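Only one structure is covered here, and it is reproduced in the block below.
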Protein chains: 2
Amino acid sequence: MAGIKDVAKKAGVSVSTVSNVINGRHAKMGAETLRRVQDAIAQLKYTPNAVARQLQSGQIRTLGLIVPSVANPFWGNASQMIEKEAKERGYQVLICNAERDPEAEDSYLTSLHGSGIRGVILGSSPVSLDHLRQHAERGMRIAAFDRNTQGIQDLLACSVSVDQALGARMAARHLIGLGHRRIGFISGPIGTASRIARLEGLRAEMDRAGLALDQDLLWLGRTATGFGDSQAAELGRSAIRELLTLDDPPTAVFCVNDMYAIGALSGAREMGCRVPEDISIIGFDDIYLAKVMSPPLTTVHQPLQRMAQLVVAKLIDALEAEGEIPNRYLELRPELTVRSSTAHAAARPRETGAVAT
Amino acid sequence: MAGIKDVAKKAGVSVSTVSNVINGRHAKMGAETLRRVQDAIAQLKYTPNAVARQLQSGQIRTLGLIVPSVANPFWGNASQMIEKEAKERGYQVLICNAERDPEAEDSYLTSLHGSGIRGVILGSSPVSLDHLRQHAERGMRIAAFDRNTQGIQDLLACSVSVDQALGARMAARHLIGLGHRRIGFISGPIGTASRIARLEGLRAEMDRAGLALDQDLLWLGRTATGFGDSQAAELGRSAIRELLTLDDPPTAVFCVNDMYAIGALSGAREMGCRVPEDISIIGFDDIYLAKVMSPPLTTVHQPLQRMAQLVVAKLIDALEAEGEIPNRYLELRPELTVRSSTAHAAARPRETGAVAT
DNA sequence: GCTGCAAGGTGATACGTTACACCAACTTAA
DNA sequence: TTAAGTTGGTGTAACGTATCACCTTGCAGC
């Protein structure tokens, strides 16, 4: 294809001049020359070779974004917002789909580094970030998104997340306040930091209320991994069906994210169980689908737009600014969004006796 | 950062030898030398610079993927499958989110070309592909995905899609067969080829049955564009609310895709309208959420996995094979998936009189 | 007529790899 | 003994661009 030399030859100028045209240094040349070069560019359908450019400059205004699964609307939406935010700051974003696989994560990181990218936003990922250490040491700036960061902050350029445990506790408090005592938990495999925090938050708040988290009511995804979050709803459905056939089923269920909750909604109804009359269901994330469910889903809201804005800003700061950036670790406050999938625990008797309010 | 020269110096060999090590030509050297080089690589934490590599080789095993909106699970899921398929063939995929904006599409194409990418999969996009002509002429191989291609095939390296119009006709036939005569259509702005085909399919089949598509029952998204498909469900909800407050409301609604249908489901229920007893709702795509809705959504199924497999295969053929590839334009048969959101038209009288079966 | 300077433009080098031609030192076989 | 291989390397020219020091010309000012 046409290169800068061809343009130079055609326009009868040096490559340097063509380069100047391309880079907008129009002041450096006569009007006639400029026109000739522009004509040549148009005629040859010349596009500057980004690869050569980057090799030369060493610079690249591109961020990596590693998400657990683009098939989950939460991450689809997050990607969209992060991309928009980055674009406004003149950065591009490369979306990488790791499917919650640490090895894939690792290989993306190496490949991004090899492409000259030095900043990456890491969506909720495996507990240990130790496999990230080498990347950090190589000069990759890593921003954690939607996960807690205790103990590994030294690896991170910055982090933005909601207080996961607090969110879970809000959900739990809401359920407990409605008189629920048997509360279930539905999740896929607990492999990521945010999922652990959500479970622990639930447990903590139940403890505080003198309630125990029944082991039988913990559904933690007995499935092969690897098919991504397109199956999450499906799993939520199986989960609640199992839970509901227990001798002493839960009266409320906390789902690790909205996709599971959506599935649970559906599964419960299939079992002839009304939501929220017979069972309360609460999710986490507040994806845009939550409010169009039937019934609309009570859930823990994450301020996604603000989060996107903040990670992008902090990460770019880390990349461009000289000294230390202040407030590198941001933990936002989640918000309980009460809709119609939760209600008072049914007063009707169950095997274990009536609920004491 | 460390380059190949640093490694060479440290290991006491030439850069050529290091290059050989990196590229697996181990037979070309002694065991001792190999070990020394590998040690040096490890110690310096050296990663080959992909940019320089690519500049040198001109080759790049990467495909572009331009989607209308990652926030729509259909496209999230499609991305995932296309990526998986490509990876199996040794290709990477760059996901670009165009938000149905032809300008964004255009600028992605230029930027991908500048990065050395010569093959791109274009998700449903604006009617005219004329703005793509220059890219095709520059040597970009374009594969159309999920859109019809009459009239513009010369621009395309290949295409894979379901027969959109046929799918819409299947939906219409299903509805008509259930006795519906007032059928509505809900969609966002009709800007893409696939949406037009879906609407026309509906109209054609209604014509055949001697039914007219009432202009008032056409809801075509009176909203600002630019926020992507995260709002589709929301729009579906508003749409059906408007339609249901009409003097003579529809008894069935065909939604341009499942996201709108999901919103419609919710909107209908809010209006106290039961689905499918009072109104039938049918979608398109069969995203994984369709079957966990309540009621589970009747919809037109797209064989996504097979489609992903085929585009990737055909596009890579177009890139790698010499001659013409056979069967470049694939049109798959959609399938009607009947679930529970559609039923016989209610026999009860409406203002306009009883429905004659 | 000379200096100084601005405007307009050029050439060479470097960016980090890879590919390819080439080389030195051995080994083998006739 | 020597021609022909083989093994284990090396040196260097690309790839397409940006940068920077430098060059030429014209002209104002004294």
Side-chain angles (χ1 to χ4, degrees), chain A residues 1-38 40-41 44-62 110-118 138-139, chain B residues 1-38 40-41 44-62 110-118 138-139:
Chain A
M1 297 290 132
I4 201 173
K5 282 185 217 154
D6 305 302
V7 176
K9 196 173 300 173
K10 177 137 199 160
V13 296
S14 72
V15 290
S16 310
T17 299
V18 178
S19 175
N20 283 333
V21 172
I22 296 168
N23 293 284
R25 283 183 279 275
H26 294 180
K28 282 279 174 191
M29 70 201 62
E32 163 63 11
T33 314
L34 173 58
R35 209 188 41 68
R36 278 215 318 280
V37 173
Q38 284 172 332
I41 288 177
L44 295 174
K45 294 179 202 300
Y46 164 75
T47 323
N49 180 322
V51 174
R53 248 174 154 165
Q54 190 198 325
L55 176 60
Q56 158 62 30
S57 69
Q59 293 289 328
I60 180 177
R61 292 173 70 83
T62 297
T110 332
S111 137
L112 291 173
H113 184 271
S115 304
I117 290 168
R118 290 296 174 272
R138 253 192 212 133
Chain B
M1 297 286 132
I4 201 173
K5 284 185 215 152
D6 306 302
V7 176
K9 196 172 300 173
K10 178 138 200 160
V13 297
S14 71
V15 289
S16 309
T17 301
V18 178
S19 175
N20 283 333
V21 172
I22 296 168
N23 294 284
R25 283 182 280 274
H26 293 181
K28 283 278 174 191
M29 71 203 63
E32 162 64 10
T33 313
L34 174 58
R35 208 190 40 70
R36 279 216 318 279
V37 173
Q38 284 172 333
I41 288 177
L44 295 174
K45 295 179 203 300
Y46 163 74
T47 324
N49 180 322
V51 174
R53 255 176 149 161
Q54 190 198 325
L55 177 61
Q56 158 62 30
S57 70
Q59 292 289 328
I60 179 178
R61 291 173 70 83
T62 297
T110 330
S111 137
L112 290 173
H113 184 272
S115 304
I117 290 169
R118 290 296 174 271
R138 253 191 211 132

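First the proteins, then the strands, lettered A, B, ... as listed; each starts at 1. In this text, all values refer to a predicted model and were calculated from it rather than measured experimentally. Just the heavy atoms: all of them, side chains too, but no hydrogens, waters or symmetry mates, feed the values below.
With D:dC15, D:dA18, C:dG11 as the choices, the nucleotide that has an atom nearest any side-chain atom of A:Lys5 turns out to be D:dC15. Checking D:dG16, C:dT10, D:dG9 against every side-chain atom of A:Ser16, the shortest atom distance belongs to C:dT10. The B:Thr17 side chain lies nearest to D:dG9 when the options are D:dG16, D:dG9, D:dC15.
In the model, B:Thr17 has a side-chain atom that pairs as donor or acceptor with a side-chain atom of B:Ser14 under 3.5 Å.
B:Gly58 comes within 4.0 angstrom of no nucleic acid atom, judged by non-hydrogen atoms across all strands. Looking at heavy-atom distances under 4.0 Å, B:Val13 makes contact with sugar-phosphate atoms alone, never a base. A:Ser19 comes within contact range of at least one nucleobase, with a heavy-atom separation under 4.0 Å.
Distance, B:Gln56 CD to C:dA14 P: 18 Å, rounded to whole Å. When rounded to the nearest whole Å, the span between CD1 of B:Ile4 and C1' of D:dT10 equals 13 Å. One atom, CE of B:Met1, and another, P of C:dC15, lie 15 Å apart when rounded to the nearest Å. Between the NE2 atom of B:His26 and the C1' atom of D:dG8 there is a distance of 14 Å, rounded to whole Å. One interatomic measurement links the two molecules: NZ of A:Lys28 to P of D:dT19, which rounds to 13 Å at whole-angstrom precision. Distance A:Leu55 CG to C:dT13 P: 18 Å, rounded to the nearest Å. Atoms CG (B:Asn49) and P (C:dT18) sit 10 Å apart, rounded to a whole Å. Atoms CE (A:Met29) and P (C:dT10) sit 10 Å apart, rounded to a whole Å.
You'll find the side chain of B:Ile22 reaches within 4.5 Å of the side chain of B:Ile4, heavy atoms only. Within the 4.5 Å cutoff, no side-chain heavy atoms of A:Val18 are placed close to those of A:Lys9. Inter-residue side-chain proximity for A:Arg138 and A:Thr110 is flagged as met; some heavy-atom pair is nearer than 4.5 Å. You'll find the side chain of A:Ile41 stays beyond 4.5 Å of the side chain of A:Lys10, heavy atoms only.
Look at B:Arg25 and you won't find any side-chain N or O under 4.0 angstrom from OP1 or OP2 of D:dG8. Contact check, A:Asn20 against C:dG9: no side-chain N or O comes under 4.0 Å of OP1 or OP2.
In this structure, A:Asn23 contributes its side chain and A:Arg25 its backbone to no donor-acceptor pair below 3.5 Å.
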Between protein and nucleic acid, restricted to nucleotides 21-23 of chain D and to nitrogen or oxygen atoms under 3.5 Å apart, what atom pairs and distances do you find?
none

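Smallest separation of non-hydrogen atoms from A:Gln54 and A:Ser115: NE2-O, 2.8 Å.
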